[in-house]
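Note on naming: letters A, B, ... go to the chains in the order of the sequence lines (proteins, then strands), and numbering restarts at 1 for each one. Note: hydrogens, waters and symmetry copies are ignored here, and every other heavy atom, side chains too, is used.
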Number of protein chains: 2
Amino acid sequence: MTNLLKIKKISETPFRKEVLGIFSKYNNAIPLSIIEKELKEYNRITLYRTIKIFIEKGIIHEITLSGNQSNYALCKEECSTVAHHQHIHFKCKGCNKIFCVEADKFPTIILPGYKIEQLEIQATGLCKSCSA
Amino acid sequence: MTNLLKIKKISETPFRKEVLGIFSKYNNAIPLSIIEKELKEYNRITLYRTIKIFIEKGIIHEITLSGNQSNYALCKEECSTVAHHQHIHFKCKGCNKIFCVEADKFPTIILPGYKIEQLEIQATGLCKSCSA
DNA sequence: CAATAAATGCAACAATGTTGCAATAATATT
DNA sequence: AATATTATTGCAACATTGTTGCATTTATTG
């Protein structure tokens, strides 16, 4: 976390550090609107560009669920190297938060005739806190 | 198909019939831009409202994949009744089309602590024509 | 600490989506 | 079949979201 920017070889600016700090404060994926609320003052354009470069560098990933604005979450280390996003995007109907959850066994799907290279699974239901 | 609008209890207007005709012409999901190209002349606002009501009535469903504009596809009959979208959204890297594909066995996923109510699976790879 | 390279912020614009309201068209009623 | 009722359409105007060029400022390199 500390030197993620350095590791990814992009300049360490105060703004980027602040945005990164917001991401690491949450354990769920967050939309732009939350980042904007957390930032005391900010420039819209710089934020767009920051999000864009974070995605390009594999620092965060975008999660788009039907009917929701895009959400963003920090990538796990494996993200950049091997299989990207071998986790499930879970949207809780209780708290409306979106989580990245590791599945003990990620399913394999066979579609006759189709050659599947990558799977992305999105689930809705109740998260740990909300189902307790 | 013929009287889908009547079945769903919304007015049968020429515009809606035309849009519905476009959907049934394609066997893959299509974005707004394609619908716009197919319509000789149209009103932007009416199109938005048409898409909206089609979704509400379960005539079409929206497919949002990361990095893509929204795509829309006709719902199967089961859609409106039992489980919604028990199929896979497949994006072909060859032709860039998005297909709704029925899987012979739809996977079950278990996330300890989480209560999963619905699954949405998105795959990327090569479709039948492009892998042949 | 200077030279270089990159990021920021402004202005201006482009694309996308929404709302109220009057005109028009579709459906229901007699 | 003609009218009453209800729903849809299209316009104007606006709101939101995202993009680009360019000068200024800031971070990194040596």
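- The interatomic distance linking Ile10(B) (CD1) with dT6(D) (P) rounds to 19 Å, in whole Å.
- dT25(D) atom C1' lies 14 Å from atom CZ of Arg16(A), rounded to whole Å.
- In this pair, Phe99(B) and Tyr114(A) present their aromatic rings perpendicular. The plane angle is above 60°, beyond the 30 to 60° band.
- Annotation: proximity of residues 38-47 of chain A to DNA chain C (heavy atom, distance under 4.0 Å) is found for Asn43(A), Ile45(A), Thr46(A), numbered in ascending order.
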Ignoring hydrogens and angles, write down the donor-acceptor pairs under 3.5 Å from the side chains of residues 123-132 of chain B, residues two or more places apart or on other chains.
{"from": "Ser131(B)", "atom 1": "OG", "to": "Gly113(A)", "atom 2": "O", "distance (Å)": "3.2"}
{"from": "Ser131(B)", "atom 1": "OG", "to": "Cys127(B)", "atom 2": "O", "distance (Å)": "3.0"}
{"from": "Ser131(B)", "atom 1": "OG", "to": "Lys128(B)", "atom 2": "O", "distance (Å)": "3.4"}

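- One interatomic measurement links the two molecules: NZ of Lys6(A) to C1' of dT29(D), which rounds to 13 Å at whole-angstrom precision.
- For the OP1/OP2 pair of dA7(D) and a distance below 4.0 Å, the side-chain nitrogens and oxygens of Thr13(B) include no atom meeting the criterion.
- Panel note: side chain Lys97(B), backbone Asn28(B); no donor-acceptor pair is recorded below 3.5 Å.
- Between the CZ atom of Phe54(B) and the P atom of dT8(D) there is a distance of 11 Å, given to the nearest Å.
- When the nearest nucleotides of DNA chain C are assigned to Ser11(B) and Lys52(B) by heavy-atom distance, the more 5′-ward of the two goes with Lys52(B).
- Ser70(A) and Glu62(A) share a donor-acceptor pair across their side chains, judged by distance under 3.5 Å alone.
- Here dA6(C) presents its C1' atom at 12 Å from NZ of Lys57(A), a figure rounded to the nearest Å.
- A donor-acceptor contact shorter than 3.5 Å links the side chain of Gln122(B) to the backbone of Thr64(B).
- Counting distance only, with no hydrogens placed and no angle test, the side-chain atoms of Arg49(A) and the base atoms of dG9(C) include a donor-acceptor pair under 3.5 Å.
- Among Ile60(A), Ile10(A), Ile59(A), the one residue that satisfies the side chain to side chain contact (heavy atoms under 4.5 Å, CB included) test with Ile53(A) is Ile10(A).
- For the pair Glu18(B) CD and dA25(C) P, the computed distance is 16 Å after rounding to whole Å.
- Checked against dT27(C), dT18(C), dT8(C), the side chain of Glu12(B) finds its nearest nucleotide in dT27(C).
- Atom CD in Gln69(A) sits roughly 13 Å away from atom P in dT18(C) (whole-Å rounding).
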